[in-house]
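For reference, the structure discussed in these notes is given below.
Bear in mind that the values here come from a model prediction, so they are computed numbers and not experimental data.
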Amino acid sequence: MTPKLVRDRIPDIIIANGEHPITRRLDDAAYHDALRAKLREEVDEYLGAPDDAAGVEELVDILEVIQALTAVHGANVEWLEMKRAEKARERGGFSERVFLIDVE
């Protein structure tokens, strides 16, 4: 198994399955690096999702990682949502499905 960041309760689940997890707590720098790697992992899993249900499950994981990264950067989810809404007001969202081909 490749070492990786896992959700907090995963070691308990492994123990409940009769196995013994070997873990360590990460310092701030290692935690940030591990979260970035986890985000990449979850995005890759989302991109490979075979159907909508699996895609949504991967989006849930991505959201969890984004919330953890938000805290690492000294912000909270409310601030993140405020910034998202502000950017949406200024630049719009993606609901209109605009695909830019070129600029002349």
Can you give each donor-acceptor pair under 3.5 Å made by side-chain atoms of residues 65-82, sequence neighbours left out, with the distance rounded to 0.1 Å?
unit_1: T70; atom_1: OG1; unit_2: I66; atom_2: O; d: 2.7
unit_1: N76; atom_1: OD1; unit_2: E78; atom_2: N; d: 3.1
unit_1: N76; atom_1: OD1; unit_2: W79; atom_2: N; d: 2.7
unit_1: E81; atom_1: OE1; unit_2: R84; atom_2: NE; d: 2.9
unit_1: E81; atom_1: OE2; unit_2: R84; atom_2: NE; d: 3.2
unit_1: E81; atom_1: OE2; unit_2: R84; atom_2: NH2; d: 2.7

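Within the model, atoms CD1 of I14 and NE2 of H20 stand 10.0 Å from one another, a figure rounded to the nearest 0.5 Å. Atom-to-atom distance recorded for E58:CD and L47:CG is 10.0 Å, nearest 0.5 angstrom. Taken to the nearest 0.5 Å, the CG atom of L26 stands 8.5 Å off from the CG atom of L35. Separation of atoms CG (N17) and CG (D12) is listed at 11.0 Å; rounding is to 0.5 Å. Between E57 atom CD and E42 atom CD the span is 10.5 Å, to the nearest 0.5 Å. For the atom pair NE2 (H32) and CG (D27), the distance works out to 12.5 Å, reported to the nearest 0.5 Å.
In the hydrophobic cluster analysis, where Ile, Leu, Val, Met, Phe, Trp and Tyr join through side-chain heavy atoms closer than 4.5 angstrom, L39 is grouped apart from V6. Transitive grouping of hydrophobic side chains (ILVMFWY, heavy atoms separated by less than 4.5 Å) keeps Y46 and V60 in distinct clusters.
Closest non-hydrogen pair, P21 versus P11, comes out as CG-O, 3.8 Å.
Within a 6.0 Å radius of CZ in R24, no more than 12 heavy atoms belonging to other residues, nucleotides or ligands are found. Around CD of E96, the count of heavy atoms belonging to other residues, nucleotides or ligands within 6.0 Å does not exceed 12.
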* Tell me, with the steps shown, if K38 and D61 meet salt bridge (charged side-chain N to carboxylate O under 4.0 Å, His left out). => CA-CA 9 Å; K38 191 67 170 182; D61 292 339; over 6 Å; no
